[in-house]
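A short worksheet on the structure shown next.
Read the numbers this way: they start at 1 and go in the same order the structure lists the ligands and their atoms.
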Amino acid sequence: MPVQLPEKLLSSLKGLSGFNEAEFIKTHQQGESLTSIRLNPWKNPSIANNEGPTDFNLHFHIKGKVDWSSFGYYLSERPSFTLDPLLHAGAYYVQEASSMFLEQALKQSTNLSKPLRVLDLCAAPGGKSTLLQSLISNESLLVSNEVIKTRVHVLVENLIKWGTLNTIVSNNDPKDFARLENYFDVMLVDAPCSGSGLFRRDPDAIQEWSEENVKLCSLRQQRILADAWPALKNNGILIYSTCSFSKLEDEDILDWLLENFEVEGIQLRTEANWNIVETDAEKSNAYGYRFYPDQLKGEGFFIAALRKKGEEEQFHFPKNNKKLIDKPNKNEEATIRKWISDDQDVELIKRDSHLYALPSGSLSDFLQLQSSLYIKKAGVLLGKFAHDELLPDHELALSSLLSPKINHIDLSKEEALRYLRKEEIKLEGNPTGWAVLQFENRNLGWAKILPNRVNNYYPQEWRIRI
Ligand code: SAM
């Protein structure tokens with residue numbers, strides 16, 4: 001059955017910059033499926049060194065680079081990602097190519113060499129948060145927030161796999177961020193929307209589209225932006241994006257922002273051969289960027305960068321008592337340091353019996369965020385002490401903190417899949433004790449080798465079931 005796009009959607013798009021109805025319909029009917037991934041630079045040294053995806057060429061059939069991304073590649077076919085151990089090791093994230101343009105919006109509007117406080121307000125499942133994390137400096141802090149409780153666990157899982165230290169995950173409503181007035185340098189609002197940009201990939205969603213829902217989404221987008229607005233510093237950057245083609249959710253939101261707040265649009269550079277359409281909002285002329293699937297290799301997407309006007313002010317931390325933070329004792333600290341790479345400068349904190357590492361110098365931020373938000377993950381959970389011994393957590397194995405001196409064992413693909421299914425594994429000839437299991441040099445998680453068996457410590461709730 002040919003894909004039937006809603007008539008009312010098509011008529012609402014007529015006359016918009018770059019919209020070519022015949023090509024747009026044809027592309028949706030052809031239903032080409034694109035697969036793209038974005039590599040994690042710290043788990044792929046060749047990407048960090050600008051040498052390209054050298055060992056990924058052996059792993060996947062890479063068809064080409066995503067033009068506007070430093071880390072994004074198209075694959076020639078869609079593999080079974082679940083059965084790829086490197087996905088579970090956080091070596092890459094499967095992400096639609098158009099959304100990777102966030103990199104350009106951020107780089108072109110922000111000085112990324114400065115320590116920044118960045119908020120990803122609508123973050124689950126974590127595609128844009130993992131990208132933001134790859135772009136900001138180690139001295140910067142990313143707060144990755146998701147309001148819907150049932151969606152937070154997948155966000156936490158994806159960020160643990162990505163292996164980040166400078167990230168905090170919260171589960172708050174946008175209006176709670178008003179408590180952090182003048183705190184963030186950058187705020188990304190990747191808003192919930194009517195989703196027409198993904199109709200080619202998911203034609204079943206077409207039935208759920210209605211004009212009424214577009215209007216509801218537009219009102220919700222305004223509410224989200226207005227609620228979180230005080231948290232953005234003067235001179236701070238707002239990046240707004242949707243996967244909807246509807247003007248009511250895209251350019252009209254820019255008009256609404258410029259009408260109601262002290263803010264200005266930012267023009268972004270694009271290359272002519274990227275075929276991204278620059279639009280301007282009807283009343284305010286604010287710049288927006290449209291991605292039409294008939295014109296580029298990506299799905300439908302809209303993005304804009306704006307600057308909040310006004311004199312920049314520093315955020316003043318209220319006097320909070322750092323002494324309230326529990327620290328590990330000397331013996332515990334000495335034990336933990338053996339698990340952490342020598343070059344890592346971290347703050348260690350203890351909560352109940354759990355030990356966490358936070359980026360050095362981030363305690364005031366942590367206390368501030370803890371008193372304002374409902375925090376679901378902060379820094380890296382290292383583990384907990386049981387009988388003076390550290391029981392290492394999965395987060396430590398997947399993080400950049402782990403000491404290379406910890407015993408590690410390479411697995412074949414078959415063994416790695418057995419491990420990820422939480423099945424019994426045999427690791428004969430290895431010394432007893434904790435070992436981090438690896439596949440193609442990337443850490444998968446912990447095992448404890450005992451004289452007569454191996455205990456598989458892969459998290460039960462993440463095990464693969466196929
Ligand atoms: N940024 C994510 C990524 O790249 O993986 C995708 C975000 S998705 C487009 C929008 C998110 O907004 C969803 O996770 C949804 O749960 C959340 N959301 C829904 N209603 C919301 C609301 N009223 N306020 C804030 N976020 C909301």
Original post:
Can you name the residues that come within less than 4.0 Å of ligand 1, going by heavy atoms only?
Top reply: C122, A123, A124, P125, G126, G127, K128, E146, V147, I148, R151, P174, D190, A191, P192, R220, I224

Subject >> Row check, W462 ring normal vs K161 NZ/CZ: under 6.0 Å, within 45° >> reply: yes

Subject >> Residue pairs involving residues 76-98 (criterion ring pair (Phe, Tyr, Trp, His ring centres under 6.0 Å); sequence neighbours excluded) >> reply: F56-Y92, F60-Y92, F81-Y92

Subject >> ring pair (Phe, Tyr, Trp, His ring centres under 6.0 Å) partners of residues 160-196, not counting sequence neighbours, each pair once >> reply: Y183-F315

**OP:** Applying side chain to side chain contact (heavy atoms under 4.5 Å, CB included), name anything that partners Q207, two or more places apart in sequence or on another chain.
**Re:** none

**OP:** Answer yes or no for K308 and W229: cation-pi contact, defined as NZ/CZ to six-membered ring centre under 6.0 Å and angle to ring axis within 45°.
**Re:** yes

Original post:
Can you find a side-chain donor-acceptor pair between Q267 and Q108 that sits under 3.5 Å?
Top reply: no

